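Quick notes on the structure that follows.
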Protein chains: 2
Amino acid sequence: MGVLEKVAAKPRVAKEAPSAPLPLDTILQDDCIAAMKSLPAKSIDMIFADPPYNLQLGGDLNRPDGSQVDAVNDAWDKFDSFAAYDAFTKAWLAEARRILKDNGSIWVIGSYHNIFRVGTAIQDSGFWILNDIVWRKANPMPNFRGTRFTNAHETLIWASMGEKAKYTFNYRSMKTLNDELQMRSDWEFPICGGPERLKKDGHKVHPTQKPEALLYRVMLAASKPGDVILDPFFGTGTTGAVAKRLGRRWIGIEREGNYIEAAQERIDAALPLDESQLKTMQANTKKPPRVAFGQLVENGYLAPGTVLTDTKRRWQAVVGADGSLTCDAVSGSIHKVGSTIQNAPSCNGWTFWHYEAEGGLKPIDALRQTYLLATQP
Amino acid sequence: MGVLEKVAAKPRVAKEAPSAPLPLDTILQDDCIAAMKSLPAKSIDMIFADPPYNLQLGGDLNRPDGSQVDAVNDAWDKFDSFAAYDAFTKAWLAEARRILKDNGSIWVIGSYHNIFRVGTAIQDSGFWILNDIVWRKANPMPNFRGTRFTNAHETLIWASMGEKAKYTFNYRSMKTLNDELQMRSDWEFPICGGPERLKKDGHKVHPTQKPEALLYRVMLAASKPGDVILDPFFGTGTTGAVAKRLGRRWIGIEREGNYIEAAQERIDAALPLDESQLKTMQANTKKPPRVAFGQLVENGYLAPGTVLTDTKRRWQAVVGADGSLTCDAVSGSIHKVGSTIQNAPSCNGWTFWHYEAEGGLKPIDALRQTYLLATQP
DNA sequence: CGTGGCGGTGAATCCCTGT
DNA sequence: AACAGGGATTCACCGCCAC
């Protein structure tokens, strides 16, 4: 029995979806709350929301080379206070809750600027958080001034309608996608760039366009073909494009005309995809995990104070508690110190530096292998 | 007026560090809020907190109106419980804020059950979030029922005392630790197990013992040797053990006697790094003394009249006897001339300007290094 | 045709000290 | 307190162009 027959056989549609037909596969140009109010209760299977982050940026930021960062400086991201942001969040979440089916679920993406407030509001609205998902950016923007850790991830919250509510989770699909290992709560994707990034006159159309790969995984995990997916902050329509490709129905809400124009054009051009192509889109590049020298020190594989030397024992260097190496007056990373003392342009510290082991000197790279064996499943 | 006179004139020390001495390197057996109340204001450099997030908080829980909640016997719905948890969070964060120094910072770790509420409370208390950090577990527990994504991470929030507040961030240490790449906001560590995991009669002593490697990185990043680090939810004392190893002072607060016993025994057994280790660590974070360009000229490292250029030899500038630089009609400091001729907002003259040396152009920063090595003991 | 250098850029709460 | 000025600060990827 096909999906369509199943729907037709049961009068569920009549109960759940009222006579007014849903504006399927269209973009509603309106304020997100007003537009949601126009939709019938319990009519949506999944919501994906990428609300404003309320970044609260200060002045300009320049890269070390002097060029200026093209920051998010749009009116839609400006709020007067946390209270104003919270009120906005609660208002749109309340409408989201009304229009979601009882077995629907909601996804919201954000950063530390807003995600804690969003998460609190989600819980307070009666949703039940199923997972928080970390999108690890493969190529984040660095912290140019060296004042904090590189902000290299964003957070998604996935929630059902309540503690006892049912929801869709395609466990098998996720496991298959992840080479027969359970899909974890941390996902790695590159940020949206290259030909996927929508541009007009050489400039990005939307400052925060999300990668399609992210939406693929979300929809593949938590919706079924034919499901209706709503995006109340549609932007340039990543949600719509991916929904079309995956055989889902979609509704987008967006205020700004230029975004709508770009989104419609993009979605019109999107081609439905068959399942066999999905695996490659999500291809697990399976990079061997990178291990930094400091991790060995942090994890006790090499004690601070240990003396390292080269194969010919010409130099001695002491391991610092912070993963640094000190040789004579020179201090720094294993690579830096190696190149400095040899007066060479570069040096692979992993193979240059050795430690005393039973049976003679061993390169510290051997310790890295041991660490990898112990920590990788 | 000299610096010493200035300090002596203000009774700052008396204000910030009160007569009652801090209970350094000890565990206070008490309710966390009560114990924090006993500590003087602005006396702590860093707080690391791993608050409980199951709702069995017992005596910790107060209703918003102040009345106590009996978590075992009271039947209260989840909204009551969120409110109670929020009240508890705000209460201990308020005390944390009072006892932290103006340039202190706070770390809190949690999972999706509580971290959104904690993050909101942190922002509402006036803290300024610096980063959210994802601890990616190398070996998480699988989701046995296959109903959700494997919950493979926890979240830490790092916050300063306010938007304009100073804080400690050992940028160089973190970069060294990470093989000369900026440390990112996602960290991978194995969960706490093996010999590190405290056990008694074959059972783990504490359900959520954190790995020492995690605390190690936190303290290396955001504290200095000798700093006072408070952990209001001490548990089995990971914070204390790592603080002792890294030459930090610590204060722990814990209610349960069996945890305290295990923690004390563990910390007694921990070995501190020797002094030379701490010294090199501090040297790695300490900024080298400032060298003015003029000093190089005065000391004969660079003769007046020498011609400097950039890497591409697009500009030529002449060194003046007073340490000024002249390029075309522009004259001034190495930085100012660099920024002016490039029409850039700023310029680091030390790396921009080069001189002719054997084997090609070298940045004048190399001369500064030579000068520093020659003049520093 | 491959390769390497160079320029551009991405949801960013991005300096500090002395006058 | 506002302002000026010294000087410290970046990673991965994509596209273009030269060779």
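Quick caveat, the model's predicted, so the values are computed rather than measured. In what follows, chains carry the letters A, B, and so on, assigned in the order in which the sequence lines appear, proteins first and then strands, with residues in each chain numbered from 1.
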Nearest-nucleotide pick for [X], side chain only, options being [options]:
X	options	answer
A:Trp76	C:dA12, D:dT10, C:dA11	C:dA11
B:Trp350	D:dA8, D:dA12, C:dA12	D:dA8
A:Pro142	D:dA12, D:dC11, C:dA12	D:dC11
A:Ala71	C:dA11, C:dA12, C:dC14	C:dA12
A:Met141	D:dG7, C:dA12, C:dC6	C:dA12
B:Lys175	C:dG10, D:dG6, D:dT10	D:dT10
A:Pro195	D:dG7, D:dG15, D:dC11	D:dG15

When you measure from the side-chain N and O atoms of [X] to the phosphate of [N], is any distance below 4.0 Å, counting only OP1 and OP2?
X	N	result
A:Arg63	D:dT10	no
B:Arg290	C:dG18	no
B:His335	D:dG6	no
B:Tyr171	D:dT10	yes
A:Asn151	C:dA11	no
A:Ser111	C:dA11	no
A:Lys137	D:dC13	no

From [atom1] of [X] over to [atom2] of [N], roughly how many Å is that when rounded to an integer?
X	N	atom1	atom2	result
A:Asp74	C:dG10	CG	P	13 Å
A:Asn143	C:dG10	CG	P	17 Å
A:Arg148	C:dA12	CZ	C1'	8 Å
A:Leu61	D:dC11	CG	P	14 Å
A:Asp65	D:dC11	CG	P	13 Å
A:Asp70	C:dC14	CG	P	16 Å
B:Lys336	D:dA4	NZ	P	10 Å
A:Gln68	C:dG10	CD	P	12 Å

Do the side chain of B:Asp227 and the main chain of B:Lys224 share a donor and acceptor less than 3.5 angstrom apart?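 Looks like yes, one N/O pair under 3.5 Å.
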Short question: side chain of A:Glu154, backbone of A:Ser111 - any donor-acceptor pair under 3.5 Å?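 A pair under 3.5 Å: no.
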Under 4.5 Å between any side-chain heavy atoms of [X] and [Y], yes or no?
X	Y	result
B:Arg290	B:Gln295	no
A:Asn62	A:Phe144	no
A:Pro52	A:Phe79	yes
B:Phe352	B:Ile341	yes
A:Trp107	A:Ile133	yes

Sugar-phosphate only, base, or nothing, as touched by [X] at under 4.0 Å among non-hydrogen atoms:
X	result
A:Pro51	base
A:Thr150	nothing
A:Gly66	nothing
A:Asp50	base

Centre-to-centre under 6.0 Å for [X] and [Y], is that the case here?
X	Y	result
A:His113	A:Tyr53	no
B:Trp128	B:Tyr167	no
B:Trp135	B:Trp187	no

Using a strict threshold of under 4.0 Å (side-chain N to carboxylate O), is an ion pair present between A:Glu212 and A:Arg266? yes
Using a strict cut-off of less than 4.0 Å between a Lys/Arg side-chain nitrogen and an Asp/Glu carboxylate oxygen, indicate whether A:Asp65 and A:Arg63 qualify as a salt bridge. no
With the threshold set at under 4.0 Å for non-hydrogen atoms, list the residues of residues 179-186 of chain B touching DNA chain D in residue-number order.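 Heavy-atom cutoff 4.0 Å gives B:Glu180, B:Leu181, B:Gln182.
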What is the distance from atom OG of B:Ser105 to atom CG of B:Leu100, rounded to the nearest 0.5 Å?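 With rounding to 0.5 Å, OG (B:Ser105) is 7.5 Å from CG (B:Leu100).
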Return the CG to CG distance between A:Asp86 and A:Leu93, rounded to the nearest 0.5 Å.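 One finds 10.5 Å between CG of A:Asp86 and CG of A:Leu93.
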Does C:dT13 sit syn or anti, given that only angles within 90° of 0 count as syn?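 Syn, which is what one calls it when the glycosidic angle falls within 90° of 0.
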Listed by chain and number, what are the salt bridge (Lys or Arg N to Asp or Glu O under 4.0 Å) partners of A:Arg368, not counting sequence neighbours? A:Asp365
Pairwise [atom1] distance, [M] and [N] [rounded to whole Å]:
N	M	atom1	result
C:dT13	D:dC13	C1'	25 Å
C:dG18	D:dA8	P	15 Å
C:dA12	D:dT9	C1'	14 Å
C:dT19	D:dG7	P	14 Å
C:dC6	D:dT10	C1'	16 Å

DNA chain D: A:Pro190 or A:Arg145, which has the more 5' nearest nucleotide? A:Arg145
When you measure from the centre of the six-membered ring of A:Tyr85, is the NZ or CZ of A:Arg117 closer than 6.0 Å and no more than 45° off the axis? no
Check whether NZ of the Lys or CZ of the Arg A:Arg148 lies under 6.0 Å from the centre of the six-membered ring of B:Phe169 and within 45 degrees of that ring's axis.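 Not flagged: A:Arg148 not positioned over aromatic ring of B:Phe169.
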Between A:Gln56 and A:Cys192, who's closer to the 5' end of DNA chain C by nearest nucleotide?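 Result of the comparison: A:Cys192.
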Between A:Glu154 and B:Glu163, who's closer to the 5' end of DNA chain C by nearest nucleotide?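 Closer to the 5' end of DNA chain C: A:Glu154.
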In residues 117-132 of chain B, which residues come under 4.0 Å of DNA chain C by heavy atom?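 Listed by number, they are B:Trp128, B:Ile129.
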Strand contacts (DNA chain C) in residues 202-210 of chain A, 4.0 angstrom heavy-atom criterion: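 Heavy-atom contacts with DNA chain C come from A:Lys204, A:Pro207, A:Thr208, A:Lys210.
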Dot-bracket encoding per residue of DNA chain D, Watson-Crick/G-U cut-off under 3.5 Å, | denoting interstrand: .|||||....|||||||||
Could you list the residues that satisfy side chain to side chain contact (heavy atoms under 4.5 Å, CB included) with B:Ala317, not counting sequence neighbours?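 So B:Ala317 forms a side chain to side chain contact (heavy atoms under 4.5 Å, CB included) with B:Leu325, B:Cys327, B:Trp353.
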